[in-house]
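Structure first, then comments.
It should be emphasised that the depicted structure is a prediction, and the values quoted were computed from it without experimental measurement. Residue numbers start at 1 and run along the sequence shown.
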Amino acid sequence: MGELNAFPTADGSFSLHSEHFDEAFHNSAGALNEARVKFAQPAELTRFSSGQTLRILDVCIGLGYNTAVVLEAMPTPAPTVQWWGLELDRRPLELALEQARFCSTWSTSVLQRLISIRDHDGWDQPESRGKMLWGDARKTLDQLPQDEPLDLILHDAFSPGRCPQLWSEEFLYDLAARLAPGGRLLTYSRAAAIRASLQRAGLQLFSLLPVPGERRGWSSGTMAVKQADINVVETGTGWRSLAKMEQEHLHTRAAVPFRDPTGEDEAEVILMRRNTEQQHCGLETTNAWQHRWAAK
Ligand SMILES: C[S@@+](CC[C@H](N)C(=O)[O-])C[C@H]1O[C@@H](n2cnc3c(N)ncnc32)[C@H](O)[C@@H]1O
């Protein structure tokens, strides 16, 4: 799986760079900052209270930041938590837990859960249970119970260009199908292909607002919601409805999905398949879309 090299991010939190994927685990603006703003904040955990069960799936737990910030943000009194994690590589969490500064970021109870994930593949307490599923997320996702719909999915795979296996239309459909009514899938990706797949999967799209300290951009990610009786408000803490520019992005070549019909293809095969489909799709080029909006 290649080497993992540590690097400090701008908020002082530690992250890793993967040699195999040739990509950093977090942006340089701050691993902790990114986890809080893109995952914990739009999760709006105050929606849940004691007596309810909150079911969470962390796709690509890595060093554990997203799970840790979400567990730290739990309201008091807390709901019952059922957590699942998917991850291929045990090393990122092991490396994180060797860092004194990483460990001191978390409360004792959250740190204990991260340690239990590393040492016991999860934890089991009366009000909180966690189950870590190691392996290719395309396979381990099947081990989640079908009858326990998820309230929150944290999707934090490497970028679609590096790890298209976890951004395929098929994988995203599987995730969407597991969401409870009102359930939210959160990701840092604002890619048109990902958004278009999530939309076709029946989810309503929202744009995450740019994160303080990050390079300025039109969006810092996506919140995709399985609609319930009560609609999600158009603007909330850290998100808004898609702008017209973003909606039009979903009708350009960039929106051609990543396809992995058997759930077993290598990255190169998925990327080549998409490339061929893009050449024959007849959609507006993404450059033309960019120029059109730059001129406005
Ligand atoms: C961007 S990092 C995740 C960062 C993490 N959420 C955190 O807070 O530290 C992507 C992770 O995806 C994992 N990964 C790559 N391919 C995978 C696969 N097919 N199934 C499961 N995990 C995978 C990598 O090992 C890596 O830990």
Side-chain angles (χ1 to χ4, degrees), residues 4 9 11 13-16 25-27 30-48 53-76 78-99 101-125 127-135 137 140-141 143-144 148 150-158 166 175 178-180 183-189 208 221 223 238:
L4 297 173
T9 64
D11 66 3
S13 59
F14 144 88
S15 184
L16 294 170
F25 280 52
H26 299 93
N27 68 24
L32 185 57
N33 185 38
E34 197 180 357
R36 283 183 176 144
V37 179
K38 297 187 186 180
F39 294 95
Q41 188 176 292
E44 264 195 326
L45 295 177
T46 47
R47 295 178 295 139
F48 300 89
T53 299
L54 167 57
R55 297 188 177 89
I56 307 169
L57 172 65
D58 187 344
V59 181
C60 297
I61 176 177
L63 295 92
Y65 277 105
N66 298 341
T67 282
V69 292
V70 163
L71 293 177
E72 292 288 5
M74 217 48 80
T76 326
T80 299
V81 172
Q82 291 212 338
W83 175 95
W84 292 268
L86 309 180
E87 172 60 56
L88 196 57
D89 190 350
R90 289 176 178 265
R91 294 175 303 162
L93 182 59
E94 288 169 359
L95 289 167
L97 288 170
E98 284 170 10
Q99 299 277 326
R101 179 155 186 179
F102 176 85
C103 295
S104 67
T105 305
W106 315 114
S107 62
T108 310
S109 66
V110 169
L111 178 61
Q112 202 49 54
R113 287 185 190 159
L114 294 176
I115 292 171
S116 293
I117 293 170
R118 179 192 66 188
D119 296 345
H120 307 292
D121 301 337
W123 69 90
D124 193 357
Q125 290 160 344
E127 293 304 312
S128 178
R129 272 189 297 281
K131 175 99 190 107
M132 186 65 217
L133 299 165
W134 299 104
T140 51
L141 181 60
Q143 294 177 36
L144 261 70
E148 301 201 50
L150 300 163
D151 302 293
L152 195 58
I153 298 178
L154 315 170
H155 191 331
D156 198 14
F158 287 118
L166 300 190
L175 291 178
R178 288 171 183 277
L179 277 177
R184 300 179 179 189
L185 182 151
L186 298 166
T187 174
Y188 69 88
S189 179
L208 299 185
M223 176 168 87

Is there a donor-acceptor pair closer than 3.5 Å between any side-chain N or O of [X] and the backbone N or O of [Y]?
X: Glu87; Y: Gly62; answer: yes
X: Thr140; Y: Leu86; answer: no
X: Trp84; Y: Leu133; answer: no
X: Thr9; Y: Ser13; answer: yes
X: Asp121; Y: Met132; answer: no
X: Gln82; Y: Thr53; answer: no
X: Glu44; Y: Thr46; answer: no
X: Asn66; Y: Leu154; answer: no
X: Tyr188; Y: Phe39; answer: no

Measure the spacing between [atom1] of [X] and [atom2] of [Y] and express it to the nearest 0.5 Å.
X: Gln112; Y: Trp123; atom1: CD; atom2: CH2; value: 11.5 Å
X: Phe25; Y: Phe14; atom1: CZ; atom2: CZ; value: 9.0 Å
X: Trp134; Y: Ile117; atom1: CH2; atom2: CD1; value: 7.5 Å
X: Phe48; Y: Leu152; atom1: CZ; atom2: CG; value: 7.0 Å
X: Trp83; Y: Arg129; atom1: CH2; atom2: CZ; value: 14.0 Å
X: Leu144; Y: Arg178; atom1: CG; atom2: CZ; value: 5.5 Å

Contact summary for [X] and [Y], nearest pair of heavy atoms:
X: Ala96; Y: Cys103; answer: O-SG, 4.5 Å
X: Leu208; Y: Lys38; answer: CD1-O, 3.6 Å
X: Ser15; Y: Leu63; answer: CA-CD2, 4.3 Å
X: Val70; Y: Ala40; answer: CG2-CA, 4.2 Å
X: Ala35; Y: Val69; answer: O-CG2, 3.6 Å
X: Met74; Y: Val81; answer: CE-CG2, 3.7 Å

Exercise. Is there a side chain to side chain contact (heavy atoms under 4.5 Å, CB included) between Thr105 and Glu72 once you walk through the steps?
Worked result: CA-CA 10 Å; Thr105 305; Glu72 292 288 5; over 6 Å; no

4.5 Å side-chain heavy-atom contact, [X] and [Y]:
X: Leu71; Y: Arg113; result: yes
X: Leu166; Y: His155; result: yes
X: Leu150; Y: Leu185; result: no

For this session: For Leu16 and Arg91, run side chain to side chain contact (heavy atoms under 4.5 Å, CB included): C-alpha distance rounded to whole Å, both residues' side-chain angles, the deciding distance at 0.1 Å, then the answer.
Result: CA-CA 10 Å; Leu16 294 170; Arg91 294 175 303 162; over 6 Å; no

Exercise. Run the salt bridge (Lys or Arg N to Asp or Glu O under 4.0 Å) check on Glu94 and Arg90 step by step: do they pass?
Worked result: CA-CA 6 Å; Glu94 288 169 359; Arg90 289 176 178 265; 5.5 Å; no

Exercise. More than 12 heavy atoms of other residues, nucleotides or ligands under 6.0 Å from CZ of Arg101: is that the case?
Worked result: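 Incorrect, the count does not exceed 12.
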
For this session: List the steps and the verdict of side chain to side chain contact (heavy atoms under 4.5 Å, CB included) for Arg47 and Arg184.
Result: CA-CA 12 Å; Arg47 295 178 295 139; Arg184 300 179 179 189; 3.6 Å; yes

